[in-house]
Protein chains: 2
Amino acid sequence: MGVSVTSRALDLLGAFDGEHRSLSLTDLARRAGLPLATAHRLVGELHRWGALAREPNGDYVIGRRLWQLGLLAPVQSGLRQAASPFLHDLYGTTLATVHLAVRDGLEVLYIERLAGHVSVPVVSRVGSRLPMHATGVGKVLLAYAPEEVRTEVLGRLTRITAYTVTQPARLLEQLRRVRAEGYATTGEEMSLGACSVAVPVRRGDTVVAALGMVVPDLRRQLPRLVSALQVAANGIGRTLNASVEWNSGLAGARPAAEG
Amino acid sequence: MGVSVTSRALDLLGAFDGEHRSLSLTDLARRAGLPLATAHRLVGELHRWGALAREPNGDYVIGRRLWQLGLLAPVQSGLRQAASPFLHDLYGTTLATVHLAVRDGLEVLYIERLAGHVSVPVVSRVGSRLPMHATGVGKVLLAYAPEEVRTEVLGRLTRITAYTVTQPARLLEQLRRVRAEGYATTGEEMSLGACSVAVPVRRGDTVVAALGMVVPDLRRQLPRLVSALQVAANGIGRTLNASVEWNSGLAGARPAAEG
DNA sequence: CCCCTCCTTCCATTCAACGGAAGAGGATTA
DNA sequence: TAATCCTCTTCCGTTGAATGGAAGGAGGGG
């Protein structure tokens with residue numbers, strides 16, 4: 001049953017993800033569901049073009065050329081540009097890992113990140129997606145997401161650590177408080193040893209993103225961090241309103257943008 | 001004369017670059033040298049997969065999925081990680097645009113950048129390439145590049161602004177001073193209104209990258225900026241030495257990494 | 001030395017890709 | 001309103017590029 005070559009080549013690329021950044025030919029073939037000989041030919045072509053590169057051990061990784069291409073993508077570029085200075089300020093003030101994220105379908109998509117020196121186990125990377133219910137930015141985005149999104153997410157609360165909130169009622173209550181108090185927190189719900197705070201970023205009345213930090217412990221400094229985050233979020237919002245260009249690509253109005 | 005579908009699809013992607021971040025179907029077909037009907041079919045497939053996205057006006061841009069893929073590429077990740085905090089420090093201290101770049105073949109490849117609020121006309125973007133002879137980081141990398149690279153670059157000094165150094169002898173003299181004094185400068189050689197300073201980043205005795213800044217004017221603050229840069233560069237070098245992982249992908253030992 | 005895994009090459013068959021041509025949509029001009 | 005010029009989309013008979021099973025290295029570990 002014939003599938004187009006193009007989609008097969010793309011499937012090979014799609015075999016890479018955050019957990020599989022380096023794959024052998026056999027792995028690639030297996031993950032893309034292709035016969036080895038076919039994978040061999042296609043991977044060769046991708047490699048020749050620069051889409052894939054080889055590591056010293058022969059495994060394949062995403063190549064420099066795809067990296068360059070990807071950087072041309074207008075992914076929330078308006079938002080990122082507006083946010084950049086504020087993220088630096090935040091980082092300078094708190095020295096914590098700072099995140100800017102938007103909702104993409106039913107997940108959180110991290111679009112900017114400043115990594116702190118502090119060794120907190122942070123899972124997120126720019127370009128990675130995480131579940132909404134276990135991250136600070138996720139809870140914020142979920143709190144302000146359309147009803148239907150909330151319903152669907154609440155239906156599948158996967159457990160990640162022992163502290164992940166998996167009871168819909170409890171999460172709903174948390175989301176209510178997020179809306180009431182203006183910020184969300186997590187405590188080791190995504191990875192042990194990491195807590196987070198996050199606040200919404202608004203353009204006008206619409207929440208377009210979430211701004212968050214990851215720290216080893218929240219207890220003592222919560223009010224200070226919330227204030228800092230809110231100041232930054234307000235600044236970003238104001239900058240967004242000031243900028244004329246309505247950026248393309250909203251925070252994922254439809255679930256699962258790519259099919 | 002048949003060419004593989006895969007390479008045609010890749011050629012379509014290759015039609016995008018820093019100056020063409022958004023293309024109509026017709027443009028894509030023209031730039032990739034494909035019949036319109038063929039381009040239409042392939043672009044459709046790329047779009048369906050998420051490699052391309054459409055702007056409101058129907059033009060195509062690089063899609064979110066390629067953006068995510070590209071971010072998985074191990075492009076100097078060790079260096080970037082080591083440099084990140086120092087770049088922030090530099091930015092915090094000087095509020096100028098800060099650059100981290102490596103040599104890739106005969107060009108400079110920008111791998112990290114912190115954009116200042118200050119409105120200086122900066123051309124570089126992360127992932128972009130610029131000629132070595134007209135940028136601060138480029139002069140540094142050229143000064144420490146293998147003889148053969150220097151020779152080839154000196155052979156084609158293209159003029160970009162009225163101030164670009166295009167006489168081989170003059171550039172050679174500048175490179176000699178870079179090695180002697182430990183830093184390079186440019187004055188509106190790449191874009192009018194922008195000056196730059198840069199210093200080498202060493203791992204052991206090898207120059208593996210260049211660290212630079214762009215400012216509107218150098219005169220008054222040159223010594224201060226050079227000091228700040230050198231402190232940061234030393235810090236990065238020390239961090240690199242400390243880190244065990246020898247990162248893949250050097251600063252472009254061979255010209256033109258991708259064929 | 002044998003066996004196992006992973007990679008590479010080969011080549012006859014066939015099915016997906018091809019692209020010219022015609023049509024749809026939209027904008028601008030007469 | 002019609003005519004003209006874009007760019008985009010669809011169609012379909014022909015053909016040659018893609019296919020993948022099989023066989024042949026290459027390494028390496030027992």
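These numbers come from the heavy atoms of this one structure, side chains and all, not from hydrogens, waters or symmetry mates.
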Could you tell me which residues satisfy side-chain hydrogen bond (donor to acceptor under 3.5 Å, both in side chains) with [X], sequence neighbours excluded, listed by chain and number?
{"X": "B:Thr6", "answer": "none"}
{"X": "A:Ser7", "answer": "A:Ser4"}
{"X": "B:Glu19", "answer": "none"}

Residues in side-chain contact (heavy atoms from CB on, under 4.5 Å) contact with [X], at least two apart in sequence or another chain:
{"X": "B:Thr166", "result": "B:Leu157, B:Arg159, B:Thr164"}
{"X": "A:Asp59", "result": "A:Ser22, A:Ser24, A:Glu55, A:Asn57"}
{"X": "A:Ala53", "result": "A:Val61"}
{"X": "A:Arg21", "result": "A:Arg125, B:Leu72"}

Inset, instruction - Return yes if a side-chain donor-acceptor contact under 3.5 Å exists between A:Arg202 and A:Tyr144, otherwise no. - result: yes

Inset, instruction - Quantify the bending of the helix from C:dC1-D:dG30 to C:dA30-D:dT1 as the angle between its end axes, each fitted on five pairs, to 10°. - result: 40°

Inset, instruction - Would you mind reading off the distance between B:Asn57 atom CG and D:dT7 atom C1', rounded to a whole angstrom? - result: 12 Å

Legend entry - Spacing between A:Leu12 atom CG and D:dA18 atom P, to the nearest angstrom: 14 Å

Legend entry - Of the listed nucleotides C:dT8, D:dA18, D:dC8, the one nearest the side chain of B:Leu25: D:dC8

Legend entry - Phosphate OP1/OP2 of D:dA18: any B:Arg8 side-chain N/O under 4.0 Å: no

Inset, instruction - Check each residue of residues 32-39 of chain A for a non-hydrogen atom within less than 4.0 Å of any atom in DNA chain D, then write out the ones that pass by number, or none. - result: A:Pro35, A:Ala37, A:Thr38

